[in-house]
Amino acid sequence: MIRAGEQVERTHAFVGRLLAGGVAAAVLVLATLVAFGPAVFNDYVGWDDGPYIVVNPLLRSFDGLRRIWFTGDAPIYYPLTFTSFWLETQLGIGGPEHAGGTHFINLVLHAGAGVFFWRCLLRLGAGPRLAWLAAALWLVHPLQVESVVWATERKNVLSGCLYLASAWCFLRAEQRWRSAWYATSIGLFAAALLSKTAGVGWPVVLLFTEWLRGRRLTLAALGRVGPFLLLSVIFGLLTLDSEHPAIDPPALPARLMIAGQAFWFYLLRFVWPFGLSAIYPRWSVALSIAGFIPLGMLVAVAAVWLWAAFRERPWQQRRQAMCMVALVHYAAMIGLALGIIPWPLMDRSFVANHLAYLALLAPAAVAPAAVGWLGNQARVRLRRFESLLARSKGAVANAAWAALLLALTGFSLARALEWRDTTTLMNGVLRRYPQAPEAHAVLAAWLEQDRPDEALQRMRRAVELSPKYVEARTQLGRMLIDRGAAAEALPHLEEAVRLAPVVVEARLQLLRGLIGQSRFDDALARIESASPRFQQEPQVIDTWARVLSQLGNSERAIEIARRNCADAKWGQKAYLIIATAEWKLGRHDAAVRACDALLKLNPRSWEALLVRARARGFAGDRQGAERDMQEALQINAKLGPAVDALRQSFPPAPETSTQSTSAP
């Protein structure tokens with residue numbers, strides 16, 4: 001039996017550990033708030049925040065939640081991320097009108113991820129001091145700014161928090177695989193992949209760890225990792241299917257060269273975080289021997305580690321084993337972002353800070369132990385000062401770590417302030433990299449309303465810097481069409497379609513340009529020769545029907561427009577096209593029915609009222625037409641001239657003859 005005194009001592013020890021852990025976790029959270037706190041006062045930036053949050057209609061309706069999960073209406077299929085945006089919007093604590101709330105939740109998720117990382121390291125056997133330093137280093141490092149303060153990167157911090165929570169539960173369940181901890185770990189991992197598929201490499205790390213420990217990869221071991229592997233394969237294939245580059249990527253040898261450079265890029269930025277930018281210009285992809293040196297270094301390091309794993313049984317040496325696991329973790333998490341498998345936006349840049357969010361867990365975990373080892377080696381070699389260093393070792397090391405963390409926090413704070421609005425952010429990028437085409441393009445889109453001339457010049461500059469930048473060419477074409485310069489826009493749009501036939505927006509703008517030049521036959525030919533997938537786009541259907549109507553093929557226009565009638569966004573326009581086409585065909589009753597259907601969707605549609613008035617007037621129902629015109633005037637008082645012209649267009653009422661006719 002346990003004596004009362006021993007029970008009290010155990011209770012006191014437990015409470016002490018709990019309080020110490022609580023204080024350590026609180027300091028990690030506080031460090032995160034200090035490093036990124038100004039983000040709560042930042043606005044959204046005009047760089048993906050628009051389609052993701054600000055103008056995303058899915059966040060404003062209750063039906064939006066269903067569409068997020070069961071349709072492809074969201075900008076990208078990360079349903080849990082968009083569900084979090086939807087909940088914030090519905091509760092009024094974030095979303096389009098409350099940028100501060102969205103930024104604050106990002107901060108909380110990042111801090112939570114850091115706490116789980118700290119607890120995972122403790123479970124792995126790291127000392128309390130080293131584990132806490134590693135978590136703090138990962139939390140406040142300037143490379144994390146983009147993931148934390150950019151609202152769009154909710155997918156990073158949400159998936160990261162869930163991923164690390166899953167890893168912590170997995171480590172807790174290590175000796176009891178049928179426990180609730182194991183099931184919870186699988187569920188959290190699935191949730192992480194539903195937020196973003198950045199963690200698909202986790203099963204590779206688990207299998208390598210099993211092998212590193214000297215265990216055979218038996219069916220039992222594979223069974224433990226199996227659910228995670230299955231989830232990774234499923235979500236990885238979904239991501240590869242939905243996310244592909246807009247243009248043809250570089251050839252495989254060039255991608256291998258890029259991958260070698262990108263692998264070391266993030267590690268070097270972790271060690272020397274200067275010159276960081278939200279956008280980096282593309283590197284030269286000219287093949288050369290020097291370009292393959294980084295890849296050769298990577299292969300050499302991997303070969304040395306594998307040789308050590310086979311020869312020296314590193315699972316018996318914890319420090320070496322942790323280094324090997326960290327290297328595999330880094331490679332597994334950064335692998336999909338290296339470009340060997342093409343990823344979107346490779347036409348603009350080959351690297352981006354937010355792509356390394358989870359991969360940086362590895363160097364952060366190793367850094368404190370590596371610095372400590374280097375310090376011990378230096379102390380041994382400086383024998384003249386050995387006694388002095390031995391007496392002051394703890395104080396010097398603590399002061400050095402405190403200075404480093406404070407410096408990184410200050411650096412992150414300064415970078416977080418750059419994200420306060422679009423202009424500040426992009427001007428900061430251009431100060432560092434004046435040749436960054438994406439910065440010019442984003443700034444042009446942001447300035448278009450207030451400073452259209454400058455916006456046009458910046459978009460031209462983006463195309464000059466990157467002739468294969470499809471989105472910049474598309475937007476330049478749109479700007480020129482809006483200014484009435486369709487002839488100048490068409491070559492840019494033709495080139496954009498040639499570079500990226502799968503990009504719907506480029507094709508749509510090209511159709512706009514052709515229609516603006518009254519080249520309806522060319523527009524129709526391009527639509528009807530396009531792929532069935534393109535022809536199924538609601539906006540393409542709308543354009544298709546309008547072109548057919550312009551060419552006088554009203555029957556075909558009605559047939560095409562009916563495809564959009566059930567669409568929530570394009571249904572009203574479809575009914576309007578149908579009503580106009582039916583009137584042109586002289587089927588006035590059918591035109592009235594189409595207008596009635598439109599007015600059920602939108603009772604304040606003055607366009608539908610005018611079309612119905614025209615149909616009724618030509619059908620002889622002057623009173624019904626007059627009611628419709630008066631109602632349209634109540635909705636839009638500027639319609640007076642249009643209503644007068646419509647009245648004058650009605651055919652004259654038939655006169656009733658009162659004279660009797662006499663026989664000859």
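Residue numbers start at 1 and run along the sequence shown.
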Between Thr102 and Glu88, is there a side-chain donor-acceptor contact under 3.5 Å, judged purely by atom types and distance? yes
Would you indicate whether Ile341, at its atom CD1, is surrounded by more than 12 heavy atoms from other residues, nucleotides or ligands within a distance under 6.0 Å? no
Do the side chain of Ser61 and the main chain of Gly64 share a donor and acceptor less than 3.5 angstrom apart? yes
Side-chain heavy atoms of Leu231 within contact of Phe189, under 4.5 Å: yes
Run the numbers on Arg507 and Val503 for side chain to side chain contact (heavy atoms under 4.5 Å, CB included), then give the verdict. CA-CA 7 Å; Arg507 286 177 172 269; Val503 176; over 6 Å; no
Check this for me, if you would: do Glu418 and Arg432 make a salt bridge, where the nitrogen-to-carboxylate-oxygen distance has to be below 4.0 angstrom? yes
Within the 4.5 Å heavy-atom criterion, are Phe62 and Trp86 side-chain neighbours or not? yes
Distance from Leu238 atom CG to Tyr78 atom OH, nearest 0.5 Å? 10.5 Å
Does the side chain of Thr239 pick up a donor-acceptor pair with the side chain of Lys196 at under 3.5 Å? no
Are any of the side-chain heavy atoms of Asn56 and Pro75 separated by less than 4.5 Å? yes
Residues Leu480 and Ala489: closest non-hydrogen pair is CB-CB, 3.7 Å
Examine the side chains of Asn156 and Ser147 and answer whether a donor and an acceptor come within less than 3.5 Å of each other. yes
Tell me whether Glu97 is salt-bridged to Arg60, with the criterion being a basic N under 4.0 Å from an acidic carboxylate O. yes
Shortest non-hydrogen contact from Pro434 toward His440: O-NE2, 3.2 Å
Would you find a donor on one side and an acceptor on the other, under 3.5 Å apart, between the side chain of Arg255 and the backbone of Pro250? yes
Is it the case that the side chains of Gln509 and Glu505 hold a donor-acceptor pair, with the cut-off being a distance below 3.5 Å and no angle test? yes
Gap between atom CG of Leu493 and atom CG of Leu476 - 0.5 Å precision: 8.0 Å
Identify the heavy atoms of Thr422 and Leu443 that sit nearest to each other, and give their distance. O-CD1, 4.5 Å
Carboxylate-amine/guanidinium proximity below 4.0 Å for Arg563 and Glu537: no
Just wondering, are more than 12 heavy atoms of other shown residues or ligands nearer than 6.0 Å to CZ in Phe104? no
Pairwise side-chain contact, Phe85 with Leu58, heavy-atom cut-off 4.5 Å (strictly under): no
Decide whether Asp421 and Thr423 meet the rule of one side-chain donor and one side-chain acceptor closer than 3.5 Å. no
If every non-hydrogen atom of Ala506 is compared with every non-hydrogen atom of Thr474, which pair is closest and at what distance? CB-OG1, 3.5 Å
Do Trp47 and Trp446 have ring centroids that are under 6.0 Å from one another? no
With sequence neighbours left out, the residues meeting ring-ring contact (aromatic ring centres under 6.0 Å, His included) with His110 are Phe36, Trp138, Tyr357
Ring centroid separation for Phe350 and Tyr280, is it under 6.0 angstrom? no
With a 3.5 Å distance limit and no angle check, can you tell me whether Gln90 reaches the backbone of Leu59 through a side-chain donor-acceptor pair? yes
More than 12 heavy atoms from other groups under 6.0 Å of CG on Asp63: yes
Under 3.5 Å donor-acceptor, Asp49 side chain and Val45 backbone: yes
Distance (rounded to the nearest 0.5 Å) between Glu631 CD and Leu609 CG: 4.5 Å
All heavy atoms of Leu430 vs all of Ala439, minimum pair found to be CD2-CB, 3.7 Å
Taking Asp542 first and then Arg546, would you say they form a salt bridge - that is, a charged N and a carboxylate O separated by under 4.0 Å? yes
Any donor-acceptor pair under 3.5 Å from Tyr77 side chain to Trp69 backbone: yes
Within a strict 4.5 Å, meaning less than it, do heavy atoms of the Ser84 and Ile105 side chains meet? no
Taking the side chain as everything from C-beta on, heavy atoms only, tell me whether His588 gets closer than 4.5 Å to Val592. no
Main chain of Pro467, side chain of Arg473: is a donor-acceptor contact present, judged purely on distance under 3.5 Å? yes
Contact check, side chains of Val351 and Trp283, non-hydrogen atoms, under 4.5 Å: yes
Quick one: does NZ or CZ of Arg420 land under 6.0 Å from the six-membered ring centre of Phe41, within 45 degrees of the ring axis? no
Thr543 side-chain N/O to Gln539 backbone N/O, donor-acceptor pair under 3.5 Å: yes
Residue among Arg458, Arg460, Arg483 satisfying salt bridge (Lys or Arg N to Asp or Glu O under 4.0 Å) with Asp453: Arg483
List in chain and number order the residues that pass side-chain contact (heavy atoms from CB on, under 4.5 Å) with Glu448, two or more places apart in sequence or in another chain; answer none if no residue qualifies. Ala455, Arg478, Met479, Asp482
Under 3.5 Å donor-acceptor, Asp567 side chain and Trp570 backbone: yes
Return the minimal non-hydrogen interatomic distance between Ala632 and Leu639, and the atom names on each side. O-CD1, 3.6 Å
Is there a donor-acceptor contact under 3.5 Å linking the side chains of Ser159 and Ser195? no
Going by heavy atoms in the side chains, are Glu626 and Arg647 under 4.5 Å from each other? yes
Main-chain N/O of Ala462 paired with Ser466 side-chain donor or acceptor, under 3.5 Å: no
Gln449 atom CD, over 12 foreign heavy atoms within 6.0 Å: no
Closer than 3.5 angstrom, by distance alone: can the side chain of Gln535 be matched with the main-chain N or O of Ile527 as a donor-acceptor pair? yes
